[in-house]
Amino acid sequence: MRRGRPAGTAAWNPRRVAIAGIAAGAAGAIAAVVAARRRIGRLRFDRGWAALQLAVRGGARYAGSAPRLFAAAGEHRQRLRHDLALQTAEDVATTLGAMKGVLMKIGQMASYVDDGLSPGVRRTLSRLQDSVPPMSADLAAGVVEEELGLPPERVFAHWDPEPIAAASIGQVHRAITLDGRAVAVKVQYPGIAETIAADLDNVALLRRMLRVAAPSQDVGALIAELRDRVLEELDYRREARNQRLLAAYYDGHPTIHVPKIVGALSTRRVVTSELADGARFAELAGWSQAERDLAAETIYRFVFRSLYEVRAFNGDPHPGNYLFHGGGRVTFLDFGLVKHFTPAELQPLMQMARHLCVRQDPEAFRRSLEQAGFLRPGAPLSTATIVEHLAVFYDTIREPGPRTITGEYASAVVRRFFDVRSPVAGYVSIPRSYVILQRINLGLFALLGELTATADWRAIAEEIWPFVRGPASTPMGEAEATWRASRPAAAQSLA
Amino acid sequence: MTADPYATAAGLVTRSAAAYVSGVPRSPADDGFFGPTSVTWRVSTDPATPIAGLRSLLMQALHPLAMAGVDQHSDWRTDPVGRLAATSAYVTTISFGERAAATRAAAHVRRIHEHVRGVDAVTGRPYAAGDPALLLWVHAALVDSAIAAGRLFGTPLSPADSDRFVAEMVVAAELVGVPRPQVPASLAELERYISSVRPELRCTPAARESMSYLLDPPGLDEDVAEIWQDVRRGAIGALPAWAREIYGYGAPGPLTPGQRTEIRQALGVLDAVFLGEPGVLEARQRIALRMRAARRA
C-alpha cells in the first residue's frame, strides 16, 4: 500500500510510541516505550529505522487491509497457509493460547493508528497475525453445523469452503442463502473465546507489561476496558445487534451503507450479513483527490452521526473495514467493537465542543473537561495552557473554512496527545468510558490524514452537532438532509 | 578464577532467532536423525523450549568439570550472546538438519572439544571436554530439562513418549562422542543416571557467577527482560528440588496454577517477539508443513 507520506518524515518519534502502551501493551511496545521514556533508545532507534525501511520495502504489509485478506498475501503464501490450516480446536488453542490471541486482539485495536506503533511492535503484531492459519474447510463447517444445526451445504444453497478473508478471530466465507441472497458468513475459531477469556482472567502478566509500557496510565482501568471490549467482541450476537442498529439507522442514506444482518443465520459464533463488494482502502491511493475527499467526508459523517445520533462509536476504524464505491459511497463493515454511550457520558463531550468551538469560552471548556474527568480540578495551569494542549483534537473544527488533514497533522495530534513532557500531562487522565473514544479519534485522524482529505470540517460538524443543527454545507450534506427529512421522526435519532 | 567482566546480553532474541533460522533447512535431502514423526520434533517445537534451555544450562553448570571447561576455555564472558546463539544453532541443526549437516556440526564441536582440557581449580581434578562422562552429563541435562519443562509449561509427554524421546536422543549423544551403550535409552535409565551423578554435582564459584548472569542478563532489551523474569522463575521451578538446594535458591514450593499460567503467557509473548524476527515464521512453517505431511502419510 502506498503511504501518504515518505517513510522518513513523520513515522518514528520515540514519544509517539506511548500510544502502543495505551492500546497495545505488546511486548515490543514495552521496549519502545521504555527506550522512549529514557530518551536513549539509540539501539532501539536504529533497529526501528531498519524495521521501518524493511516494512516500506515490503509494501508495509500491516498497513491497510492486506493482512486481513489471504488473497493479498500472494499465491505461494496462500497455498502455504492453506496447507497449514488449523484442523482441530486443539490446534486453535495451541496457536492462539498463551496470550497470543489476546495480543492479536489488542494489536488489532491498536493497529489502525499506524504511527502510534513503533515499527518493531508493528512487525511483531503483523507476524503474529500472519502466523495464524485459516481453519480447514472441515473445521469451519463443523462450527457452522454446531451453531446453525446443519452442515453449511444444507443451511445454504451454496457454500464456498474457501475463506475469502481472515477476521481477527475467525474467517469469512461466501455463501448464497436458500432464498438466493449473496452473503458473507463470518465463522469464529472454535474454542477461541474460551482461550482468550482464560488469558484475560489471568492478568498479572498483562498488568506488569502495561505498567512498564504506560506508567502514566491507569493500568487497572485500561485492562478492565480492554477486557470488556475483547470479551464483547467474542460474542458475535453483539456484533449482529450493533450492525442491525446501524443498518437500520442508515437505511436509505445516500452514501453510507451498512450491510444487513441475516438474523436467522447469526449466532454466538457465526454472523451472516449481506455480501458487499467494493474497492479496498489501499486502492484509494490511485483515486482522484476529489474522490478521496468524498470518501473522507462520508467516513467523517458516519463517525460523528453515529456518535451523536445513535450514541454508538465503532471502535475498529481499521482501514480494512471499509469498502469504497465512488461518489463518496462507502460500505462500513465489522461492528465487533462498538462502544455505546449513555446520554450522561455523551453530554460532556458535547459541552466541550460547544464551549470551545461554538461559544469560544475557554473557562467553560476547562470546566467541562474537569466535569468529564479528563482534567484534574484545580490543576495549577493557566486555562490558555490547557487549551493549547488539549484543544488539539478540535484544531480542524475551531474555525470555519476548508482544512486539509495531512499525515503530518495526524501524527502531530497523536504526538501532542501522548506527550508525556507536556505541562498538562500530570493532570490529565482518560476516564474509562472514553478510553476507546480517544483511540478512535486518533484512528479517524490517521485515516483522514492518509487520504490527505480536504473539507470544511467545521461546517460538517455544525450540521451534525445537536446543539447547532447547521444547514447542509456540501452536496452530500444536502442529500443527507433530504434523507433525514424523508424518515419518520422516531428514526431520526435513536439516541 | 578469572574476573573478566561479562559482556551484555543485548541482541539475545535477534541472534537466537538467526541461529534458529539457520538450523532449519529449506529443501532438505533427508529427514535428519529424527524426522517429522519423531517425539524430538514435537518437543523441539514446544513453546516451553526457552525454559527447557535455561533449565538445562542450570543443570549442566552443576558439574564442576563441565563448568570449568566453559569457564576456562570458551568466549562465554566476552560474547555470551554469541555463545548461546551458537549452542542454539547447534541444537537446532542436530534436531532438524539433514544428516550431513548434523554430522558436520557435531564433528565441528568434537574438534573444538579436543583443545578444551585443564584442571578444575575447585576440585583439583583434570578435565577434558571430549570426556564422554562430561558429554553425557550435558546430554542428560538437556533431555531431562525438555521433559520437565514440557510437563510444567508445555504439552506434557506421555510416559511412553518420554521413553521414546530419551531413546531417540541417544543418537545426539553419540554424535558428539559418547559411546552408545553408555547413553540412557529410557526415562528410567535417564533418572538412574542422573541420580548416579548427583554426588559429583556442586555449585562452584564459576557456576554461581555464570548462572547469576544468565538468570538476570544485563543489557537485555527491556521487553525481553520483563519476560525473562518469568522464564527464570519457570526454569528454577522446573529444577529438581535437590538442584535448587545446591544453588541455594530455597524451596519456593510448587508453582500455583496462577503462576504457571503467567509463565505460560510469558512464553507466548516471548514466542510472539521471536516470531517477529526475520525468517522465524517461515522456518516454523517449514517444520510444521513437514510434520503435517508426515502425519497425513
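Atom set for the values below is all heavy atoms of this structure, side chains included, hydrogens, waters and symmetry mates excluded. Quantities reported herein were computed from a predicted structural model and do not represent experimental measurements. We name chains A, B, ... by the order of the sequence lines, and we start the count at 1 in each one.
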Per-residue tally against chain B (heavy atom, under 4.5 Å) across A/Leu128, A/Asp201, A/Asn202 peaks at A/Asn202
Engaged part of B/Leu267 at the chain A interface, taking heavy atoms whose separation is under 4.5 Å |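 For B/Leu267, there is no contact with chain A at all, as no heavy atom is under 4.5 Å.
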Applying a strict 4.5 Å limit to non-hydrogen atoms, the region of B/Gln259 in contact with chain A is neither
State which residues pass ring-ring contact (aromatic ring centres under 6.0 Å, His included) with B/Phe33; sequence neighbours excluded, sorted by chain then number.
->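 Testing B/Phe33 for ring-ring contact (aromatic ring centres under 6.0 Å, His included), a comparison that skips the adjacent residues, returns none.
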The single option from A/Val102, A/Leu103, A/Leu205, A/Val203 passing side chain to side chain contact (heavy atoms under 4.5 Å, CB included) against B/Gln265 |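 Single pass found, and it is A/Leu205.
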Would you say B/Arg264's side chain and A/Gly97's backbone share a donor-acceptor pair under 3.5 angstrom?
-> no
Taking all non-hydrogen atoms of both residues into account, name the closest pair between B/Arg292 and A/Leu86 and its distance.
-> NH1-N, 4.5 Å
